[in-house]
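In what follows, chains are A, B, ... by sequence order, proteins preceding strands, each numbered from 1.
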Protein chains: 2
Amino acid sequence: MKEDGAAATAADVARLAGVSKWTVIRAFKTDGRIAEKTRRRVLDAAATLNYQPNLLARSLATRRTHQVAILVDDFDNPYKLPTLKRLTAGLQREGLLAFLVNINDDFTHSVALSNAQQRRVDSVVFFGTAYDPTAASAQILRSSSQPTFVLARESAHDTLPSVFTDPVHGVTELAEHVYERGYRKPVFVAGPPPAATPLGRRRQYQKFWKARGLETLPEIRVNVYDYKTACRVIGERFESDPQIRACDVLLCENDILALAALDVVRYDLGLKVPSDVAVVGFDGIDLAASGSYRLTTYRQPFQEMVDELIEMITERKPARRLVLRGEAIIRSTT
Amino acid sequence: MKEDGAAATAADVARLAGVSKWTVIRAFKTDGRIAEKTRRRVLDAAATLNYQPNLLARSLATRRTHQVAILVDDFDNPYKLPTLKRLTAGLQREGLLAFLVNINDDFTHSVALSNAQQRRVDSVVFFGTAYDPTAASAQILRSSSQPTFVLARESAHDTLPSVFTDPVHGVTELAEHVYERGYRKPVFVAGPPPAATPLGRRRQYQKFWKARGLETLPEIRVNVYDYKTACRVIGERFESDPQIRACDVLLCENDILALAALDVVRYDLGLKVPSDVAVVGFDGIDLAASGSYRLTTYRQPFQEMVDELIEMITERKPARRLVLRGEAIIRSTT
DNA sequence: TACTAATATGCTACCGGTAGCAAATGCTGT
DNA sequence: ACAGCATTTGCTACCGGTAGCATATTAGTA
């Protein structure tokens, strides 16, 4: 019995219980072929020593860590929080623990991927990250031994499985709704520029309006998905750009931009929504439903996406490219 | 050179470079006493084999995992997201990776703590969790070998270091402001009941009003920090309880409850804020500043709290009980 | 009671690194 | 050429488990 602060090992427990360390280990396995009497004795000894099996040693031997790395580069969009909640809970139910990896200029995708490999995580999830598959990290990704998934964004590689919401359906629903209501002078409010693939929503909106005679869809680009920055940038563009000022509907890439747009339009510019200008979001965050906003948006099925992702991670379902549909929610901003 | 999918080891690299595995390992240490020529040869061999050192093996030997477990039981309060952002970024800068552990009925504090021990994380952070120190997990906590911290909540044990915002200062600032403005019929809007210690804000508000002649502070209790639930519960209480209906100020335990209160009061009950009823929050989330809400609240210094916590985790500063002050932000809901 | 089968326990070799000492090699001066 | 020293490389023993086979013990049957 060592009292030097170091955790007790199976060998310590074995010594106390008068058995070999392999018997101790068997006592902790559910299927262990072990005499009930011995098991109890071992468990008692383990309890007095406060023995906790060392998962590092186990993982080293079994080559399974039961760890998943979740890579996130945008902590400003509030939908991330409930989605992380569901994701961590679901993974934990499967015996998996999640690393929350913050991707930023100091800690790039390459660094994160390399780190994940070194820690031998069982799988990697790109959670809505602006992952650039043309960059050096693609090399790392290809040589990576662990299964990799993309959540809430379309994967750029065909070989990289992903679960995301169909942008064609979502944008079409919203655009048609807006068009039917008679809005004809749209402006797209965009977030940060996508790293590689042009982001689906933008492309779809452009396509929709082009088919109706609008050659180029005017755009306000906000370089961060962040409420405050968005307010500032949108306000500035309305100040300086007459074409923007003349719009009658703001098609926002996501809800957080839409809430910012709504606040600017209503309280800084003093416009009436939806009579002077309409606002449309995308995502379906909780706050979009609030009495203060009542935002027309498209609900992404985040929970379902997470559940499907977990099915893939646990290999109950084959890893593949899975496109899900949400639903348009019409409220009072259109 | 094995091509069987298993990652290359130092021994594989050694074989290719014609050295021993210990030389390979030296080549990867910055301080390694190794001939420059050999290092280059080893690094080349490592590159062709795509060798990545196995951190499990290293951790097993060094007894340091460079992993931190962050325990969270409430994913509904939006301040958690920017705080997690700062926390993960800060830890990563120190070479530490964070486990995001979701505490719930399936995965309790005890389970999480035991899991963290088995994974040999370097430290554990209770991030605003309703940790009940009287429960069985206290036993585990005491016997736990890894340093443990509480973030954004007052720790119940003196021995358990914590970083949190002074509730006395915050509540006093807000309460005095409200009192000066002439509000005299307050109702406290409470979140889930605290596990052990009565939560500071509630107690402080009660104290303040008692000193001014109000024996018991009426209360609306919402059992989850969740916008939708809060709306429902607050609405119901206004319906059914004349004492609640007669109030002139809603003192909310945090901003998310305050936003819900504000929406209910304005849009469901049709009351004017702040003339019919005032609303006060606590936390200082981004959205409280938005044009739609303009909520009077108390800004908690979350970023500073995180930075101080990291100083303790990295042992640059001694682990201790650290109380920080925020500032009252008076906006248009009072 | 002896003999077999079933169950229980112990063993070796290994997972991929680390620590710190031992041996080998290179370099200098005489 | 060789002692004397520093630098470079290799080695043993270990971190705490796992896998799967070998051996010991017990129970069941003739």
Check ion pair A:Arg316-A:Glu308 (N to O, under 4.0 angstrom): no

Between C:dG10, C:dC15, D:dC15, which nucleotide gets closest to the side-chain atoms of A:Val19? C:dG10

Is B:Lys80 close enough and on-axis enough to B:Phe75, meaning under 6.0 Å and within 45°, for cation-pi? no

Is B:Asp307 salt-bridged to B:Arg86, cutoff N-O under 4.0 Å? yes

Kindly calculate the angle separating the two end axes of the helix from C:dT1-D:dA30 to C:dT30-D:dA1, each obtained from five base pairs, and round it to 10 degrees. 50°

Would you tell me if any nitrogen or oxygen in the side chain of A:Arg120 comes within less than 4.0 Å of OP1 or OP2 on C:dG16? no

Considering every strand and a 4.0 Å limit on heavy-atom distances, what is the contact class for A:Phe28: base, sugar-phosphate, or nothing? nothing

Footprint string (nucleotides 19-27 of chain C, 5' to 3'): B base within contact, S backbone only, - free, heavy atoms under 4.0 Å: BB-------

In whole angstrom, what separates A:Ile34's CD1 from D:dT25's C1'? 14 Å

Which of the following nucleotides, D:dG10, D:dC15, D:dG17, is nearest to the side chain of A:Lys21? D:dG17

What's the closest nucleotide to the A:Asn54 side chain, out of C:dG17, D:dG16, D:dT9? D:dG16

Look at all strands and tell whether A:Thr38 reaches a base, only sugar-phosphate, or nothing, counting heavy atoms closer than 4.0 Å. sugar-phosphate

Compare all side-chain heavy atoms of A:Val124 with those of A:Val68 and state whether any distance is below 4.5 angstrom. no

If you take the centroid of each ring, where Trp contributes its six-membered ring, are A:Phe126 and A:Phe149 closer together than 6.0 Å? no

For B:Asp122, which of B:Gln67, B:Arg64, B:Arg63 qualifies under side-chain hydrogen bond (donor to acceptor under 3.5 Å, both in side chains)? B:Arg64

Against the side chain of A:Ser20, the closest entry in D:dG16, C:dG17, C:dG10 is C:dG10

Does A:Arg41 come within less than 4.0 Å of A:Asp44, counting only side-chain N to carboxylate O? no

Without decimals, in angstroms, what is the distance between A:Arg58 CZ and C:dG16 C1'? 18 Å

Could you tell me how far apart A:His66 (NE2) and D:dG17 (P) are, to the nearest whole angstrom? 15 Å

Nearest-angstrom distance from the residue atom CG of A:Leu49 to P of D:dG16: 13 Å

Checking C:dT9, C:dG17, D:dG16 against the side chain of B:Ala10 (C-beta onward), the nearest is C:dG17

How many Å lie between CD on B:Gln117 and P on D:dG17, as a whole number? 13 Å

Gap between atoms CG and C1', on B:Leu60 and D:dC15 respectively (whole Å): 4 Å

Over all strands shown, is B:Leu56 touching base, sugar-phosphate only, or nothing at heavy-atom distances under 4.0 angstrom? nothing

Select one nucleotide: of D:dG17, C:dG16, C:dA8, the one nearest the side-chain heavy atoms of B:Thr9. C:dG16

A:Arg40: what forms a salt bridge (charged side-chain N to carboxylate O under 4.0 Å, His left out) with it, not counting sequence neighbours? none

